[in-house]
Chemist: 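Could you have a look at this structure, given as structure tokens, before my questions?
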Amino acid sequence: GAMMDNRFATALVIACVLSLISTIYMAASIGTDFWYEYHTLSQAENVSEAGRSIWEEFVSKDADEKTYTDALFRCNGTVGLWRRCITVPKNSHWYSPPETDMTTNCISFSLSDQFVEKYIEPGNHNSGTDLNRTYLWRLQFLLPFVSIGLMCFGALIGLCACACRSLYPAIATGVLHFLAGMCTLGLVGCYVAGIELLHRKLPLPEDVKGEFGWSFCLACVSAPLQFMAAALFIWAARTNRKEFTLLKAYRVA
């Protein structure tokens, strides 16, 4: 059975590597601010005067969704799951010449921001709660953590499996990775749907181009890696179990 053992060992090693890479990708995508990027094509000439006030509105505690989305449109904004960033002139004094020197400033979404309700008309709290967007946003905040949690739990079970020299837990690890993959797919779906719905309410201005950024792509790549790892874990455990049963039957005979 040495030949067989090698096959499982190889499958398990590949599964572990895929699992590790997808965990790193997930962590990187949660931690970076390039889920969605806005490219402001026309450089406003009065940006230095407006820059200061846009910035003050953008960072203020009570910046509503419409306020900060308009700032993102106007100032090459980027949005992550946790932070929003805009690029503004470094020093916006009225007497300084229009600066070419730009700086990117970010502000984090607080926990209450993550769970705050979204309105049917962004920025108008009399328009009622938009349940779809509210729950899509909450899900896109929670799902990546569930996904990483499932993979870490799977890794723990895998370590125990190695310690006990048993392959049965590999099936559990596989199932957890499959669930993690589903969460990651859900996250990507929620994010895309949320952006679509937001842009229906607040259409992009003529001179602004929007696109999904590389942080979003990392999450997209992470999902298939999780599914591949899951498939390998489950395959190795099941095939090995069959071999083992055959071997036992042969010994008895």
Chemist: Please report the C-alpha distance between Leu18 and Phe233 in whole Å, then the side-chain angles of each, then the deciding distance to 0.1 Å, and finally whether the side chain to side chain contact (heavy atoms under 4.5 Å, CB included) criterion is met.
Modeler: CA-CA 11 Å; Leu18 291 175; Phe233 279 126; over 6 Å; no
Chemist: So with a 6.0 Å cut-off around NE2 of His125, is the heavy-atom count from everything else above 12?
Modeler: no
Chemist: Identify the heavy atoms of Ala11 and Trp235 that sit nearest to each other, and give their distance.
Modeler: CB-CZ3, 3.6 Å
Chemist: Measuring only between side-chain heavy atoms, which start at C-beta, is Thr69 closer than 4.5 Å to Lys66?
Modeler: no
Chemist: Over all heavy atoms of both residues, which pair between Leu143 and Gly186 is shortest? Give the atoms and the distance, please.
Modeler: CD1-C, 3.6 Å
Chemist: Using 0.5 Å steps for rounding, measure from the CD1 atom of Ile120 to the NZ atom of Lys201.
Modeler: 6.5 Å
Chemist: Which of these, Glu196, Glu121, Glu65, sits in a salt bridge (charged side-chain N to carboxylate O under 4.0 Å, His left out) with Arg133?
Modeler: Glu65
Chemist: Treat each ILVMFWY residue as a node, draw an edge where side-chain heavy atoms are under 4.5 Å apart, and state whether Tyr38 and Trp55 are in one component.
Modeler: yes
Chemist: Between Asp33 and Cys106, which heavy-atom pair has the shortest distance, and what is it?
Modeler: OD2-SG, 4.1 Å
Chemist: Mark yes when over 12 heavy atoms from residues, nucleotides or ligands other than Glu211 sit less than 6.0 Å from its CD; otherwise mark no.
Modeler: yes
Chemist: Would Met26 end up clustered with Phe145 when hydrophobic side chains under 4.5 Å apart are linked, directly or stepwise?
Modeler: yes
Chemist: What pairs of donor and acceptor atoms, side-chain ones from residues 214-232 against any protein atom, are under 3.5 angstrom apart with sequence neighbours left out?
Modeler:
unit_1 : atom_1 : unit_2 : atom_2 : d
Ser215 : OG     : Thr32  : OG1    : 2.6
Ser215 : OG     : Phe34  : N      : 3.1
Ser222 : OG     : Ser22  : O      : 3.0
Gln226 : OE1    : Gly181 : N      : 3.4
Gln226 : OE1    : Thr184 : OG1    : 2.7
Gln226 : NE2    : Ser147 : OG     : 3.2
Gln226 : NE2    : Thr184 : OG1    : 3.4

Chemist: For residues Phe212 and Val208: do they belong to one hydrophobic cluster (side chain heavy atoms under 4.5 Å, members Ile, Leu, Val, Met, Phe, Trp, Tyr)?
Modeler: yes
Chemist: So which atom in Ile54 and which in Ala71 form the shortest heavy-atom distance, rounded to 0.1 Å?
Modeler: CG2-CB, 3.6 Å
Chemist: Please answer: with hydrophobic residues joined when any side-chain heavy atoms are less than 4.5 Å apart, are Val59 and Leu72 in the same cluster?
Modeler: yes
Chemist: Nearest 0.5 angstrom please: Leu136 CG to Leu187 CG, how far?
Modeler: 11.0 Å
Chemist: Roughly how far apart are Asp70 CG and Tyr68 OH, rounded to 0.5 Å?
Modeler: 11.5 Å
Chemist: Report yes or no: does Trp35 contribute a side-chain atom to a donor-acceptor pair with the main-chain N or O of Ser29 at less than 3.5 Å?
Modeler: yes
Chemist: One pair to check against side chain to side chain contact (heavy atoms under 4.5 Å, CB included): Leu204 and Lys209. What are the steps and the verdict?
Modeler: CA-CA 7 Å; Leu204 290 173; Lys209 201 165 103 282; over 6 Å; no
Chemist: With rounding to the nearest 0.5 Å, note down the distance linking NZ in Lys118 to CG in Asp130.
Modeler: 10.0 Å
Chemist: Not counting sequence neighbours, which residues clear disulfide bond (SG atoms under 2.5 Å apart) with Cys152? List them please.
Modeler: none
Chemist: For Leu81 and Gln114, which heavy atoms make the closest approach, and how far apart are they?
Modeler: O-NE2, 2.9 Å
Chemist: Side-chain heavy atoms under 4.5 angstrom apart, residues restricted to Ile, Leu, Val, Met, Phe, Trp, Tyr: same cluster for Leu142 and Leu111?
Modeler: yes
Chemist: Measure the OH-OG1 distance between Tyr119 and Thr129 for me, rounded to the nearest 0.5 Å.
Modeler: 6.5 Å
Chemist: For Phe73 and Leu202, work out which heavy atoms get closest and say how close.
Modeler: CZ-O, 3.6 Å
Chemist: I need the Leu198 CG to Ile195 CD1 distance, nearest 0.5 Å.
Modeler: 6.0 Å
Chemist: Has Arg138 got its NZ or CZ under 6.0 Å from the middle of the six-membered ring of Phe141, at an angle within 45 degrees of the ring axis?
Modeler: no
Chemist: Determine the sole option in Phe115, Trp82, Trp137 for which the ring pair (Phe, Tyr, Trp, His ring centres under 6.0 Å) test with Phe109 is passed.
Modeler: Trp137
Chemist: Side-chain contact, heavy-atom cut-off 4.5 Å: Thr67 with Asp64?
Modeler: yes
Chemist: With no hydrogens and no angle check, is any side-chain donor or acceptor of Arg74 less than 3.5 Å from a backbone partner on Ile86?
Modeler: no
Chemist: Only pairs under 3.5 Å count here: list side-chain donor-acceptor contacts from residues 170-178, not counting sequence neighbours, and write none if there are none.
Modeler:
unit_1 : atom_1 : unit_2 : atom_2 : d
Thr173 : OG1    : Gly154 : O      : 3.3
Thr173 : OG1    : Pro169 : O      : 3.2
His177 : ND1    : Thr173 : O      : 2.9
His177 : NE2    : Ser19  : OG     : 2.7

Chemist: Checking Thr104 side chain against Thr87 main chain: does a donor-acceptor pair fall under 3.5 Å?
Modeler: no
